[in-house]
Amino acid sequence: GKKSLRQKIVDELKHYYNGFHLLWIDTKVAARMVWRLLHGQILTRRERRRLLRTCADLFRLVPFLVFVIVPFMEFLLPVFLKLFPDMLPSTFETESKKEEKQKKKLNAKLELAKFLQETIAEMAKRNKADTG
């Protein structure tokens, strides 16, 4: 059914709380990784990607905080998210946005694979024509 205005507000507050909490956890883990890097240890590829994602999220947090702190600015957030889709830190994304982003990436990969297959098939035809 339809949610009341109060329930929508509570859901949004929970979403922001969970996003900030996850960002705090990621920041603590990233700080440990930086500490390990400073002491000469090598990070795995997975750890390096997580560290880069967390750093990017912290830089994205600055413009996002403007929307949270300035009164009534949160009403403009959907407009800015439409203009700048990657403005939100990754911990604030909803499941539907994550799925949508994965679908776009998968479609791009499929298109690239089709292009490469067509190119290889065309090259094979040319090579047959040259040798035959």
Side-chain angles (χ1 to χ4, degrees):
K2 266 191 142 179
K3 293 182 180 180
S4 67
L5 180 63
R6 184 178 187 280
Q7 186 61 39
K8 287 180 185 177
I9 292 172
V10 168
D11 288 344
E12 281 298 311
L13 289 175
K14 284 181 183 178
H15 178 70
Y16 287 129
Y17 172 77
N18 289 333
F20 278 115
H21 185 71
L22 289 172
L23 186 61
W24 173 249
I25 292 170
D26 281 349
T27 304
K28 287 192 323 187
V29 171
R32 284 189 217 124
M33 286 184 216
V34 169
W35 182 259
R36 285 178 33 210
L37 271 175
L38 291 175
H39 285 82
Q41 293 183 2
I42 298 173
L43 297 178
T44 64
R45 203 169 98 199
R46 184 179 184 182
E47 290 172 331
R48 189 180 318 267
R49 279 197 320 249
R50 185 171 186 175
L51 180 63
L52 288 174
R53 187 191 76 226
T54 304
C55 289
D57 284 348
L58 289 174
F59 284 118
R60 287 182 193 140
L61 186 65
V62 175
F64 176 67
L65 283 178
V66 172
F67 288 97
V68 174
I69 293 172
V70 176
F72 302 109
M73 187 85 165
E74 62 270 4
F75 295 119
L76 292 176
L77 187 60
V79 174
F80 278 90
L81 286 177
K82 198 69 163 169
L83 295 173
F84 308 105
D86 291 333
M87 188 179 89
L88 277 181
S90 63
T91 56
F92 289 89
E93 289 181 348
T94 60
E95 287 298 320
S96 61
K97 290 288 185 186
K98 287 181 184 178
E99 288 175 7
E100 184 180 320
K101 195 180 282 188
Q102 284 179 340
K103 284 180 185 178
K104 284 182 182 179
K105 283 183 182 180
L106 182 62
N107 284 336
K109 287 180 182 180
L110 288 173
E111 290 296 320
L112 180 62
K114 284 181 189 177
F115 173 75
L116 291 175
Q117 284 177 342
E118 291 171 1
T119 304
I120 290 172
E122 187 66 33
M123 289 174 62
K125 286 180 186 177
R126 285 185 188 169
N127 285 341
K128 271 188 181 178
D130 290 346
T131 59

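Qualifying side chain to side chain donor-acceptor pair (under 3.5 Å) partners for N18, counting only residues two or more places apart in sequence or in other chains: none. Listed by chain and residue number, nothing satisfies the side chain to side chain donor-acceptor pair (under 3.5 Å) test with E122 (two or more places apart in sequence, or in another chain).
Using a 4.5 Å heavy-atom cutoff, the side chains of E111 and F115 are not in contact. Considering only heavy atoms from C-beta on, R53 comes within 4.5 Å of R50 through its side chain. At least one side-chain heavy atom of R60 sits under 4.5 Å from a side-chain heavy atom of D57.
Atom CD1 of I42 has 12 or fewer heavy atoms from other residues, nucleotides or ligands within 6.0 Å. Within a 6.0 Å radius of NE2 in H15, more than 12 heavy atoms belonging to other residues, nucleotides or ligands are found.
Relative orientation of the Y17 and H21 rings is parallel, given thresholds of 30° and 60° on the angle between their planes.
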Could you go through the side chain to side chain contact (heavy atoms under 4.5 Å, CB included) check for T54 and V29 one step at a time?
CA-CA 9 Å; T54 304; V29 171; over 6 Å; no

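Shown here for M33 and E47, the closest heavy-atom pair between the two residues is SD-O, 3.3 Å. When all heavy atoms of L58 and T27 are compared, the pair lying nearest together is CD2-OG1, 3.7 Å. R48 and L43 make their closest contact through NH2-O, 3.4 Å (heavy atoms, listed as atom of the first residue, atom of the second, distance).
Linking Ile, Leu, Val, Met, Phe, Trp and Tyr whenever their side-chain heavy atoms come within less than 4.5 Å puts F20 and M73 in one cluster.
Side-chain contact check for Q7 and D11: at least one donor-acceptor pair (N or O, by modelled atom type) lies under 3.5 Å.
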